[in-house]
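A quick note: this is a predicted structure, and the numbers were derived from the prediction, not measured. Chain letters run A, B, ... following the sequence lines, proteins first, then strands; residues in each count from 1.
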2 protein chains.
Amino acid sequence: MKKQAVTLVQVAAKAGVAVMTASRAISGDGYVSEETRNKVLAAADALGYAPNALARVMKGGRTNVLGVVVNDLSSVVVNAFVSALTEEVRKYEMDLFIYNSSVQLDEQAQRRHGQLLHGLWDGLIYVLPRMTDEYLAALEASGSPVVLVNFCRRPTTLPVVLGDNFNGARDAVASLVAQGHARIAFIRGSHWTGQSAERERGYRQAMADAGLPVDERWVAQGTFSEKSGLEAGQALFALDPRPTAVFAANDEMALGCMNAARALGLRLPEDVSLVGFDDVPGAVTAQPPLTTLRHPLALMAQATVQELMRRVLHEPGTRQRVEFPAEMVMRGSTAPIATAPAAAKRRTRKA
Amino acid sequence: MKKQAVTLVQVAAKAGVAVMTASRAISGDGYVSEETRNKVLAAADALGYAPNALARVMKGGRTNVLGVVVNDLSSVVVNAFVSALTEEVRKYEMDLFIYNSSVQLDEQAQRRHGQLLHGLWDGLIYVLPRMTDEYLAALEASGSPVVLVNFCRRPTTLPVVLGDNFNGARDAVASLVAQGHARIAFIRGSHWTGQSAERERGYRQAMADAGLPVDERWVAQGTFSEKSGLEAGQALFALDPRPTAVFAANDEMALGCMNAARALGLRLPEDVSLVGFDDVPGAVTAQPPLTTLRHPLALMAQATVQELMRRVLHEPGTRQRVEFPAEMVMRGSTAPIATAPAAAKRRTRKA
DNA sequence: ATGAAAGCGCTAACAC
DNA sequence: GTGTTAGCGCTTTCAT
């Protein structure tokens, strides 16, 4: 980014003072006489001087920049979280750079921003990181200020901010049980972050709590995409007896599942109840609106930046793990099973 | 990002070589014997060495990082464009940092990244920039590698990559005219980037081309938001005679307008035809699917990175202005006016 | 109140 | 092949 950058030396020369004096006049630290200060400022102005942030940082200062690494910026949830972070970072007078890695954090990625960008920021946030164990180990060993968000695939010594997937999922499934459902299916998502596994754990716990068996054919594998939810739904609704409720590991899959149900002529929520996770915008506008769970993104962003800044500033009171309960959002896609039991068998397609 | 950063000096010491040798071994430049190289690499690995990007840059090198400044990362279009940029940047073996400014680029913003700009990245992309004239002037004067995307509020000497709003809008309105519409309304968006103004210019041109008068009550002011589209729609549909078609400066407003129409009991496209701009995902799923226009984002991203890199690398063949025609996407929200002329007056709410 | 020197981590340019 | 010197632009000592 250099054209013919004006340096402090030139400013000092023009003002007829030592470099150090110019530095003091411009940064505002230390004693400088009013007269000299004005002289220096005038010279700087005339020359169009802009301090070189890099040189300043290299003296051991901070960059005042935090970075956030995301895998999929087009995800509504990630996007919303990043926006919340942007707001939050401002309170600390820091800037936030977003890095969209779009890939698994493997050796190549490690080389790229683990090394190349080293020194550019004061701290780093990883949102839903898909990191290899090696990468994680390297990060743990580095001692750099880092916070992981919604990473629960395996234990780590790094600070983590989490939404409570397990209890959220358990509550959701428990509420289905309370509505009389017994054949409750679950659609898994990808395994990367461990979120799907946690939600599945909650599902199984709720079933166990209610003394209900889990037929393994009720547990379908998806990839968090709407399409995978549709396919999973087709498979699930082909079972006999058909599950009366489906809990999907995220909203996209739940909406795909909703389309599968509709294509089979099933009525919602009379024939089948549906629950998702995340509360994406599409959940509200769906017909019927989707019952779902949501993480308190604003609170999580607040905690994330707070924890990170504590580490950057070497402040006490850091927590290794901060977890927030998920909120359940009841909408029209769930209903007591008793609503229309007679219609339950209508137009079921036999596999 | 510094805790107790490992430096080249430590690596060199551990490997028992001079700092310069270590530098060569790691960067891969210059002659180093296979043996020494391995020794150094081993030492670096053991210490968990990561080169300090800042120091490297300070020697006058490049950061291999491009930056993109956006105002609203949650906008679907912006998001899609940034994703395209991310892909494109990779071809040049560069990294892309995203900076979400969320605000107008005024003096304060200028101080923040205008300074960071100084050295942190090799080039900068501004997407739909909302910059003050002063900021623009400063940028023009700086001589830094910069590309503006979809900025057409005023002429500039900076390189610009644009989607053709004027001709796109003109074609869209012309197609409405061809379908027999004469009372065609327009909903403006915010003025920041000049895109709305260009689309309005296209609208007026198409009307003039067809010899149709523009009743100024047909031109409503919105803010690019769905809500503003809804309100504009309510006002437009209260007119007597009612416009038979509405061209909104973006899809969100068109969809808001669609809701306004539906709330009034108007049928689409029989009673009113609707055209948007941008082709957001919601346009396809709307009922009826929205006819709209779209900029070729992938091509634009390609041109943007190419132009920027030419400037970064001081390559010849730079263009100051690259413009791409918009594509029209015909969907169900537009129809010839003749379809159901008899129904046109049904349930119109008089103001 | 001001100046001189040293050094942040790295690499181009020359020695050897 | 490898080491030495110098210096990027700035600020932190320590003098004056």
Looking at [X], does any N or O in its side chain come under 4.0 Å of the phosphate oxygens OP1/OP2 on [N]?
| X | N | result |
| --- | --- | --- |
| S23(A) | dC10(D) | no |
| Y49(A) | dC10(D) | yes |
| T36(A) | dT2(C) | yes |

Rounded distance (Å) that lies between atom [atom2] of [N] and atom [atom1] of [X]:
| X | N | atom1 | atom2 | value |
| --- | --- | --- | --- | --- |
| M20(B) | dA12(C) | CE | P | 7 Å |
| R24(A) | dA1(C) | CZ | P | 10 Å |
| I26(A) | dT2(C) | CD1 | P | 14 Å |
| L47(A) | dG9(D) | CG | P | 14 Å |
| N38(B) | dG1(D) | CG | P | 15 Å |
| E34(B) | dT2(D) | CD | C1' | 16 Å |
| L8(A) | dG3(C) | CG | P | 13 Å |
| K39(A) | dA1(C) | NZ | P | 15 Å |

Exercise. Between D72(B) and R130(B), is there a salt bridge with N-O shorter than 4.0 Å?
Worked result: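 Not counted as a salt bridge, because no side-chain N and carboxylate O are separated by less than 4.0 Å.
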
Side-chain ion pair, D45(A) and K14(A), N-O less than 4.0 Å:
no

- Query: Run the side-chain hydrogen bond (donor to acceptor under 3.5 Å, both in side chains) check on T63(A) and D122(A) step by step: do they pass?
  - Reply: CA-CA 6 Å; T63(A) 59; D122(A) 295 332; 3.1 Å; yes

Applying side-chain hydrogen bond (donor to acceptor under 3.5 Å, both in side chains) to E88(B) and not counting sequence neighbours gives K91(B)

Picking from dT11(D), dG9(C), dG9(D), the nucleotide nearest the side-chain atoms of A55(B) would be dG9(C)

Taking dG9(D), dG3(C), dG1(D) as options, the one with an atom nearest any side-chain atom of S33(B) is dG1(D)

* Look at the side chain of R37(B) and the base of dG1(D), then say whether one donor and one acceptor between them are separated by less than 3.5 Å. =>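 Looking at the base of dG1(D), it does not pair with any donor or acceptor on the side chain of R37(B) (distance under 3.5 Å).
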
- Task: Identify whether any heavy atom of A18(A) sits under 4.0 Å from a base atom; if not, whether one sits that close to sugar-phosphate; answer base, sugar-phosphate or nothing.
- Result: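 If one applies the 4.0 Å heavy-atom cut-off, A18(A) turns out to touch the sugar-phosphate alone, with no base involved.
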
For residues 31-42 of chain B, run the donor-acceptor check on the side chains, cut-off 3.5 Å, and write out each pair with its distance to 0.1 Å, sequence neighbours left out.
unit_1	atom_1	unit_2	atom_2	d
S33(B)	OG	T36(B)	N	3.2
S33(B)	OG	T36(B)	OG1	2.2
T36(B)	OG1	S33(B)	O	3.3
N38(B)	ND2	E34(B)	O	3.3

Computed from five pairs at either end and rounded to 10 degrees, the angle between the axes of the helix from dA1(C)-dT16(D) to dC16(C)-dG1(D) is 40°

Angle between ring planes, Y126(B) versus Y135(B), binned at 30° and 60°: parallel, tilted or perpendicular? perpendicular

Problem - Flag, side chain of S23(A) to backbone of V19(A), donor-acceptor distance under 3.5 Å - result: no

**Study point:** Upstream residue (5' side of DNA chain D) when V9(A) and Y31(B) are each assigned their closest nucleotide
**Key:**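 Upstream on the strand: Y31(B).
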
